[in-house]
Amino acid sequence: MIMNSKVKNEVNKLINFVNTSNNIYIASHVNPDGDSIGSELALGLALRKIKRDKDKVKLLAIDKTPQNLKFLPGIKLIEEVNLEENIDLLITVDCSDPDRLNDYREMIDKAENVINIDHHKSNNYFGDVNIVDPKASSTGEIIYFILEYLGLEIDEDIATCLYVSLSTDTGSFKYDNTTSITHNIASKLIDKGININDITVNVYQNRPLVKTKLFIESLNSLELHHNNKVAIICVTQEMIKKCNAQIEDIDGFVEFIRDIDTVEVACILKELSNNEIKIGLRSKKFVDVAYIASKFGGGGHTKASGCTIYEKIEIAKEKILEEIKNNLR
Ligand SMILES: [Mn+2]
């Protein structure tokens, strides 16, 4: 992120709000990933160090924390919070719009002030303060610049959280959102003494057996379309039951089918219920899957996006395939 005068102005507003607010809530998004949890924790840990009463900085659990992120420093601070309390300041991280807060979206209206820190190009600038940079690899990258500008210490714990943000949102520094800036920050984080092997084992080499079984099961549904350029898999309630797994156990599946050599667009359909199909999309070179997702009210990044189609899974599959077809050159 380029810290120009406009960004500095927004960050100055952030620190003024932090200094004058009696209760501060930090929230990440529904179905949280490494970037959202890493950003929430990094910012939370840093702000708790500067508030005289550190318990005034609260970290919200919008959703269940994925198992592979539970090793992160400060994870116990993320707790269920009573919505009846008044909210002086709400800081959302990695949320492109209020709907990403799911059942907590009313907090946006309840909060006296809202700060929106994000890197999604579909961000709709819903905050009173908006620190949004679609060029940033991750929200963690933006948090790094905010902490650096404010002169807040990045200790080993905060560095660990930020490194997980960067690493998970760049596919381990492989995607084209990875820039020299991303590597530069990663380098500085490593210099804080973080344990890379510990992070790798916890985040990436930690797949539960039930999830592995569900993965194998879902691969049986693999279909290839349009000259093998489009790969699609389904995860149904039946499969989840059969494998004794959970819906959040599908993390990483769509990336696996994207990596088939002929594939340009990979798609996963998750049957949340009979008439609610969550769709994950990934592309490799030229298809803008954020655009495809937007056709169904979703969004995200050019090469990674999602949406929900409220139909039976077969109908949802037809609809998304049609839209993908329209966007294949
Ligand atoms: Mn992100």
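Whatever order the structure lists them in is the order used to number ligands and atoms, beginning at 1. All of these numbers come straight from a predicted model, not from anything done at the bench.
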- Query: Tell me, which protein N/O/S atoms are under 2.8 Å away from the Mn ion (ligand 1)?
  - Reply: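 Listed by chain and number, the atoms are Asp35 OD2, Asp94 OD1, His119 NE2, Asp169 OD2.
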Could you give the side-chain donor-acceptor pairs of residues 267-282 under 3.5 Å, partners two or more places apart or in another chain?
residue, atom, partner, partner atom, Å
Glu271, OE1, Gln237, N, 2.9
Arg282, NE, Glu255, OE2, 2.9
Arg282, NH2, Glu255, OE2, 3.1

- Message: For Tyr204 and Asn68, which I'm curious about, is there any donor-acceptor pair between the side chains at under 3.5 Å?
- Response: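 There is no such pair between these side chains.
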- Between the side chains of His29 and Asp94, does any donor sit under 3.5 Å from an acceptor?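 Short answer, yes.
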- Item | Val203 vs Phe71 side-chain heavy atoms within contact, under 4.5 Å |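 Contact flag for Val203/Phe71 side chains = yes.
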- Message: If you compare all heavy atoms of Leu41 against all heavy atoms of Gly74, which two are closest, and at what distance to 0.1 Å?
- Response: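 Nearest heavy atoms, Leu41 then Gly74: CD2-O, 3.3 Å.
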- Tell me whether Ile260 is reachable from Ile232 by hopping between hydrophobic residues (I, L, V, M, F, W, Y) whose side-chain heavy atoms are closer than 4.5 Å.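 They do not share one cluster, since no chain of ILVMFWY contacts under 4.5 Å joins Ile232 to Ile260.
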